[in-house]
Structures are given as C-alpha cells and as structure tokens.
Amino acid sequence: MNKPLAPSAPLDMPRERAAGVRDIMPVMVAAAPIGLLFGALCAGKGLSPAEACLMSVLVFAGGAQFAALELWTWPVPVATLVFSTLLINARHILMGASLAPKMRSFSLGQKLAGFYFLTDESWALAERRAKEQPLTPAYWFAVAGLLPLSWVGSTVAGAILGSFLGDPSRIGADFAFTALFIGLVAGFWNGRVSAAAIGASAAASAAIYLAFGPPWHVAAGALSGIAAAYVAAPAGTNAAEAA
Amino acid sequence: MSIDPTTLAAILAMAAVTYLTRIAGIFLVGRLALSGRAKAAFDAIPPAVLVSVIAPTALATGWPETLAAFAAAAVATRLPLLATMAVGVASVVLLRMLAG
C-alpha cells in the first residue's frame, strides 16, 4: 500500500510537467488567433514569412511585436523599434524580480534559460502556483516552453495566408492593431491612475504626431503617461507588493 | 522567403533588449522594491506605450477611426481580447461605409 506523500516529499517530474501542460493549454488556444493576426499583418507590412517567424521565435513578446509592426516603415527605423520594445518589455524586469526568489530549486543556468520564455501569461501561472507549492523546473519549462509552439506556429500560418488576403484596409484589418491595443490596454486598467496615464499618453502622442510626425509621438506619449501616473498616484502610500 | 539584412538587425536588436529585460530581475532581487508613486509610474509604462503607438490612428486619422476606437474601448474591460477586436474592426468598416 502506498503511503500518502508528505508535503515535503520530492515532487515527481511527470506530475509537475502534466500540471504545467494543463495550465498552459487554454493560453495556447487563445494565443493562436492572435498569432495568425500577427503573421497576416506582417505580410501586409511587407515582411516575409521567414522574417515574421524569426521575430516570433527571437523576440517572443506579443505586445512589443505588434507595436514594432505598427511603427514599421521602409527603411526600417531600427532605433525606434528597439526603444519601443524596451519600454513595453520593461515590465519583465519587475516580473522577473518577483518570480526569481520563488525558483529555489533552479540552477542559475535554468533560470537564465527559463526566463527566455517569460511572458505575462506564464509569469501569472507560475506566481499562482508558487503560492501553493514550490516552483519546479519541470512545471516552469512545460508552462513557459510550450507557449512558443502556438505563437510561432500561428505566426507562420498567418504570414503565409496573409499574403493571399490583399489590401488589409478593405476588410478593416488595418484597424485590427488599434482594436487589439485597446483590448491590451484594458488589461492594465486599475482606475484613476491608469485613466490619467491613458488620457495623457493619447493627447500627447496625437499632438506630437500632428506637429512633428513619427517617431517622436511614441516617446512623448509614453513619457507623458508615465508622468501623469506619477502625479495621479497618492503620495506616500506604501504598496511594496511586487507587481 | 528572403530575410532583409536591416530587418534581421532590427529583429536581433529587439530580441536582445527583450531578453535583457527578462533576465534583469534575477540579478535585481531584493534591490528593486518600488513603492508608491514610483511603482505607479512603472506600472503605467505598458499602457502608456501601447496608447502612444495607436493614438495617431485612433485620434488623428478621421472620425470613423476615432468612433470605432471609442466603441472598442467601451467593451474592452468586459469582453475577451478577440471580441474587443471584432467590435473595433466591424465598427470601422461600417463607419467608413457611412463616411463614403
């Protein structure tokens, strides 16, 4: 007869891996249509399926990739793309700082390799699991490592199908970015402070765009929004809780 | 299926800064405890950047785009991402037809 496992018993890998697969499955399903859209919009911007695939493999950060595509012109504005990517992905720094101390059974190499796959979704799942039990490499690599299959696969499919779709504005697909970003912004909504940030960013970005043209509207809008959030937040509160 | 050298350079640079943001937290543990206004400002970075990227399309293109953006924003906190996109795209197609 098997004795029930004590809470401190070594956790077995297959069970950890299965839990990771179970947790990430719905996210993989949700990511596929977004990846298809990303691939199709890449084709609309003149990127080849190989280039779209490379971006999804190497950058693997949806928000930053969509922003880069929206800013994409020929010749390619490399500095603008890198700046936008850095700003959008800066949140990873806080996410990593919050998650890393919970990865006690990971070697430094496993952390460095594992964080290549850090996304909002895998981070949220791992934080949730860490509240109940120790985080294992088997769980993390299943949760975080499987998501690229869905993202990259759907990117390539979208890039190949997208080149047959023709002019995207005919079916309103050129507006899909804008609508997608509005949906993504809603995920960061936290009331008054985010309202101030969103309003200031929108006003400053549109004004600078009309006055000076791209790419300065991104930096001006982002800095205005960040300043507005700083001003709108109550001074002296101690919300030390990691993001 | 070609890869343009400048495109490749842009993708590699984007990948490098993204990876740096992903691993930076490992080395900042215990040294990065933002609170109060600094935390609020840091939390505001992603929405501020996303809004700044789309503001020209949403606010400085034409009234169909502006109205469609508000329609998408109106449902964005209640509907899933793809449904929000569907509302925005369908609105812009209809409003552009009305605008002629």
Side-chain angles (χ1 to χ4, degrees), chain A residues 33 48 50-51 54-55 58-59 61 67 70 76 78 81-82 85-93 96-97 100-101 111-112 115 118 172 175-176 178-186 188-189 193-194 197-198 201-202 205-206 209-210 218 221-222 225-226 229-230 233 235-240, chain B residues 1-4 6-15 17-19 21-26 28-29 32-37 39-60 65 68-69 72-73 76-77 81-82 84-85 87-90 92-93:
Chain A
S48 71
E51 290 163 342
L54 206 59
M55 202 197 294
L58 293 178
V59 181
E70 178 75 7
V76 183
V78 178
L81 298 178
V82 171
T85 302
L86 176 64
L87 284 180
I88 294 180
N89 288 336
R91 70 186 187 285
H92 289 148
I93 300 169
K111 280 185 203 167
L112 288 173
F115 273 5
L118 182 70
F175 196 75
T178 310
L180 170 76
F181 277 31
I182 290 167
L184 290 174
V185 167
F188 295 98
W189 180 262
V193 175
S194 55
I198 289 165
S201 296
S205 168
Y209 181 82
L210 289 173
V218 178
I226 293 161
Y230 185 88
T237 51
N238 197 7
Chain B
M1 297 307 121
S2 59
I3 295 179
D4 172 75
T6 319
T7 299
L8 179 64
I11 292 171
L12 290 177
M14 287 168 62
V17 294
T18 302
Y19 185 61
T21 63
R22 285 187 162 123
I23 59 167
I26 299 174
L28 291 172
V29 173
L32 198 70
L34 294 179
S35 65
R37 287 183 147 170
K39 169 96 166 43
F42 202 94
D43 287 345
I45 293 175
V49 175
L50 293 170
V51 168
S52 303
V53 169
I54 59 163
T57 304
L59 300 178
E65 285 77 12
T77 53
L81 198 52
L82 285 173
T84 300
M85 284 173 56
V87 168
V89 169
V92 92
V93 168

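Protein chains get the first letters and strands the later ones, always in sequence-line order, with residue 1 at the start of each.
Both the backbone and the side chain of B:A68 come within contact range of chain A, with heavy atoms under 4.5 Å apart. With a 4.5 Å cut-off on non-hydrogen atoms, A:T178 touches chain B through its backbone and its side chain both. Both the backbone and the side chain of A:V218 come within contact range of chain B, judged by heavy atoms closer than 4.5 Å. Using a 4.5 Å cut-off between heavy atoms, B:V92 touches chain A through its side chain atoms alone.
Atoms CG and CD1, on A:L180 and B:I54 in that order, are 9.0 Å from each other to the nearest 0.5 Å. In this structure, OG on B:S52 lies 11.0 Å from CZ on A:F181, to the nearest 0.5 angstrom.
In terms of non-hydrogen atom pairs under 4.5 Å with chain A, the most contact-rich of B:T57, B:T6, B:D4, B:I11 is B:I11. With chain B as partner, the option from A:A61, A:A202, A:A197 having the largest number of non-hydrogen pairs under 4.5 angstrom is A:A202. Your options are B:G25, B:A24, B:A76, and the one with the most heavy-atom pairs under 4.5 Å with chain A is B:G25. Between chain A and the options B:P47, B:A13, B:A10, heavy-atom pairs under 4.5 Å are most frequent for B:P47. With chain A as the partner, the residue from B:V17, B:V53, B:I23 showing the most heavy-atom pairs under 4.5 Å is B:V53. Considering only heavy-atom pairs separated by less than 4.5 Å from chain B, the leading option among A:S205, A:G221, A:G96 is A:S205.
Screening A:L86, A:L58, A:N89 for a side-chain contact (heavy atoms from CB on, under 4.5 Å) involving B:T18 leaves a single residue, A:N89.
Smallest separation of non-hydrogen atoms from B:A60 and A:L210: CB-CD2, 3.8 Å. Scanning all heavy atoms of the two residues, the minimum distance from B:M85 to A:A179 falls at CA-CB, 3.7 Å. The minimum heavy-atom distance between A:F188 and B:L50, with the atom names listed, is CE1-CD1, 4.1 Å. The two residues B:A48 and A:G225 have their closest heavy-atom pair at CB-CA, 4.1 Å. Here the closest non-hydrogen pair linking A:A100 and B:I26 is CB-CA, 4.0 Å. For the residue pair B:V49 and A:A222, the shortest heavy atom distance occurs at CG2-CB, 3.9 Å.
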